[in-house]
Amino acid sequence: MAASGKDLVLEGITKRFGDYTAVDDLSLHVPAGRFFALLGPSGCGKSTTLRMIAGLEHPTSGRVYIGDEDVTATKAHQREVNTVFQSYALFPHLSILENVAFGLKRKKVPDAVEQAKAALELVELAHLAQRKPAQLSGGQQQRVALARAVVNRPHVLLLDEPLGALDMKLRRQMQTELKTIQDEVGVTFIHVTHDQEEAMTMADTVAVMNAGRIEQIGPPDELYDLPATAFVANFLGKSNLFEATVTESNGDWLSLSFAGTTTGLAASRAVQTTGTIVAGIRPEKIIAAPAGQPPASAGSGWAKVPGGRVTSVSYTGVSTEYEIAVQGLGEFTVFAQNLHSTGFTEGDQVDLWWEESNLFGLAGDADTEAGIEEV
Amino acid sequence: MSTAVQTSAEEKRAWRLRGRMGMLLVLPGFLFIVVFFAIPVFSMLSMSLYTQPEGAATGVFEPGLNFGTYSAMMSTYWDTFIRSFGFALIATVAALIIGYPMAYLVAVRLRGRPLLQGLLLVVIIAPFFSSFILRVQSWRFILADEGFVVSTLETLSILPEGTRLTATPFAVVAGMTYLYLPLMTLPIYANLERMDSRLIEAGGDLYASGSQTFMRVTLPLSMPGIMAGTLLTFIPAAGDYVNAVMLGNNVNTTMVGQVIDSRFFQSVDYPGAAALSSVLMVIILIVVMAYVRRFGTKEIV
Ligand SMILES: Nc1ncnc2c1ncn2[C@@H]1O[C@H](COP(=O)(O)OP(=O)(O)OP(=O)(O)O)[C@@H](O)[C@H]1O
Ligand SMILES: [Mg+2]
């Protein structure tokens, strides 16, 4: 079957419920056949955005295009879009096969039942075709919901946290399956999740959403390597953020001064290049070394922050996570791979080292706590 | 091993105790049913077989096994039975057609507007607050020859000049439909109210228009409510008495309830009345069982 995916374009869509703005002037363009992930904390408007694409909710303002067609005013059943609902929403009175054939039958596809059977094969549930949804496990229901949506070969497939209810192992397995299915059917996938790992491993493009707006869009590695806001820096993985002042700028290289130390920063990696900015570095890009002993890899282009004291050590097997307090700067998180059997213990005096090219710069007024998930 | 045996013995004892407690709890209900249902049914069945001794005064009967009463009653009143069940069927269907949209409106369309929902629910139940004799009586006024309804329909030429609605089968069926409407509407409402609106959304998402979603998703899912509503309407309607007496005539609206009444109080024919009641009960039982078998179990999800 030919690839059926089409471009999806949202143009400045806003959705208000009363005077609460759930989605705020959101624009985005997903090219046909992409695996696009919408990532954000609970209540940020992900489901509302999906529902507007599906036609289950109508935007207060803005337009929705599928392919070249403006579908803003059309109803859900007129859109070549299908949804895998967060709650599955399988029809309890219909068998699994009837559930999967439902959409095709409404579209009067002649071999609806055969196609439905094929879709059940795809998700490896053909043997349960005659059961009712209540007789299936959560993971199986989830796969039926997926088959029920995919079988229609929609232009855009919307997945609203479809793996949310599954345990870790099944989740990983389903992620791989989803990815395979997407490759096979070539449909444009919009996958909503608040699991950053899921978004990063599955999607070609990730959009990080916060409070009804998109903070940043890009390939997962780019977002991780070069976050543009404190929210993205903290929500996608962990970051060490600290205030620093730009003391010198020679075109594409900046010098920063903070807490009596200096570091370099590539101007291309900084959102703001003058005055006081917020600098950030990922925990695995910092090397902690015993005070006064530079690590072997350090050389030119490395910055050193002296005067750290280890305040907590969490051993996770592959790596160890250290919390290191630095006078005048606060806590730094450092991930160290356990290459050697000896690590630091609480109270050890250490220096922190990083390669300056790994640093990124955010706007000076960034809230360094934004996007840190309350556990 | 031994501990396992021990626990299970202990468990068994606990279970037995709990079982006995359960018995105690159902006892009052059980007694109630025996005293007020089983005994009367039994006495009704036996009364239907009593015989009247030769030359005894009216109303004097003695125990016997006279099955002849049944054939005598049925050969006289078979058409009344057919009429009763016909009226009940029409009233049930009419109540379903009127009640379902009301229930649907309140339960599905007005979701998220509790105030309006509550208000309309009260309107649906409100008739129960007044005496049902009064309500049936009011239908006599509504359908009166000089009443608003008849004159309007005549002016609009929907009814030919000089038509009567009072004392017609129409009046009786209309009265029954109205009287039992809440019994139809409330179970359907309760059922639709619990329905997951996301299923309706899923229907729309899967290319089903509003009416298709209704036919394929909402309606089948509300079958248990329809079952309950139709049974709650049909059973009392088949045995109805009040509507037939107050809104009917003596020619073509007589229902089984009236015949039983006249057998009992006017003819003082206790076995005849008992036989009619028994037949009515058995027919209702058979109809209900056939209905539940046909439509019931399949829909239990
Ligand atoms: N029908 C509605 N009426 C009023 N407010 C709503 C409605 N639907 C959503 N909201 C609000 O809009 C905001 C965004 O909701 P949405 O369901 O899109 O969040 P989400 O990002 O999908 O969250 P989650 O990850 O928890 O599913 C929430 O604050 C929610 O309370
Ligand atoms: Mg959601």
Side-chain angles (χ1 to χ4, degrees), chain A residues 17-18 47 50-58 74-95 98-109 112 116 131-135 141 144-145 147-160, chain B residues 96 100 103-104 107-117 187-230 291-301:
Chain A
F17 296 108
S47 295
L50 278 202
R51 292 169 58 79
M52 287 190 285
I53 301 170
L56 299 172
E57 207 88 69
H58 288 278
T74 62
K75 296 208 171 102
H77 68 94
Q78 296 162 326
R79 299 190 189 184
E80 293 277 322
V81 171
N82 288 113
T83 310
V84 180
F85 291 92
Q86 201 161 359
S87 55
Y88 313 147
L90 299 178
F91 303 123
H93 60 298
L94 299 180
S95 72
E98 289 167 327
N99 261 284
V100 177
F102 191 93
L104 295 173
K105 283 191 177 160
R106 300 292 85 69
K107 288 204 290 185
K108 303 216 160 43
V109 173
R131 290 220 195 147
K132 291 280 175 72
Q135 297 166 310
Q141 291 185 25
V144 175
R148 188 178 71 168
V150 163
V151 74
N152 304 296
R153 304 292 148 125
H155 297 323
V156 180
L157 184 72
L158 308 174
L159 301 111
D160 193 352
Chain B
L96 179 63
Y100 195 103
Y104 183 80
V108 180
R109 281 305 164 92
L110 295 180
R111 270 204 190 159
R113 298 159 84 170
L115 203 72
L116 209 53
Q117 273 184 319
I188 298 177
Y189 165 79
N191 176 281
L192 286 174
E193 205 263 335
R194 269 183 293 126
M195 203 180 65
D196 188 348
S197 57
R198 289 173 293 194
L199 294 176
I200 299 177
E201 290 189 339
D205 188 68
L206 292 163
Y207 313 107
S209 64
S211 57
Q212 283 175 326
T213 303
F214 177 79
M215 291 306 292
R216 306 257 164 205
V217 181
T218 316
L219 191 62
L221 283 175
S222 58
M223 264 334 252
I226 294 178
M227 282 290 299
T230 46
Y291 181 65
V292 172
R293 275 182 85 104
R294 171 69 186 75
F295 297 105
T297 45
K298 204 179 72 188
E299 302 305 333
I300 292 166
V301 192

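To find a chain, count down the sequence lines: A is the first, B the second, and so on, and within it residues start at 1. Reckoned from all heavy atoms, side chains included, excluding hydrogens, waters and symmetry mates.
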Please confirm whether the backbone N or O of B/Arg216 pairs with a side-chain atom of A/His93, one donor and one acceptor, at under 3.5 Å?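 Such a contact is found between A/His93 side chain and B/Arg216 backbone.
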
Pick whichever of A/Leu94, A/Asn82, A/Leu56 has the most heavy-atom pairs under 4.5 Å with chain B.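 Heavy-atom pair counts peak at A/Asn82.
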
Chain B contact via [X] - which portion, at a heavy-atom distance below 4.5 Å:
X: A/Arg148; result: both
X: A/Leu90; result: backbone
X: A/Glu80; result: both

When you look at NZ of A/Lys75, are more than 12 heavy atoms from neighbouring residues, nucleotides or ligands closer to it than 6.0 Å?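 Atom NZ in A/Lys75 is not packed in, count stays at 12 or less.
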
Is it true that atom CZ of B/Arg113 has more than 12 heavy atoms of other residues, nucleotides or ligands lying nearer than 6.0 Å?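 Atom CZ in B/Arg113 is not packed in, count stays at 12 or less.
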
Considering all heavy atoms, the nearest B/Ala202-A/Ala89 contact: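 In this case the closest contact between B/Ala202 and A/Ala89 is CB-O, 3.8 Å.
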
Under 4.5 Å from a heavy atom of chain A, the part of B/Glu201 involved: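 Both parts, backbone and side chain.
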
Taking only residues at least two apart or on different chains, which pairs with a member in residues 197-222 of chain B satisfy ring-ring contact (aromatic ring centres under 6.0 Å, His included)?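 Counting only pairs at least two positions apart or across chains, the ring-ring contact (aromatic ring centres under 6.0 Å, His included) contacts touching residues 197-222 of chain B are B/Tyr100-B/Phe214, B/Tyr104-B/Phe214.
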
Are the side chains of B/Asp205 and A/His77 in touch, meaning some heavy atoms are under 4.5 Å apart?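 They are not in contact (no side-chain heavy atoms under 4.5 Å apart), so the answer is no.
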
Could you tell me whether the side chain of A/Pro92 reaches within less than 4.5 Å of the side chain of B/Leu199, counting heavy atoms only?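 The answer is yes; the side chains approach within 4.5 Å.
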
Supply the atom-to-atom distance A/Phe91 CZ to B/Leu206 CG, rounded to the nearest 0.5 angstrom.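 With rounding to 0.5 Å, CZ (A/Phe91) is 5.5 Å from CG (B/Leu206).
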
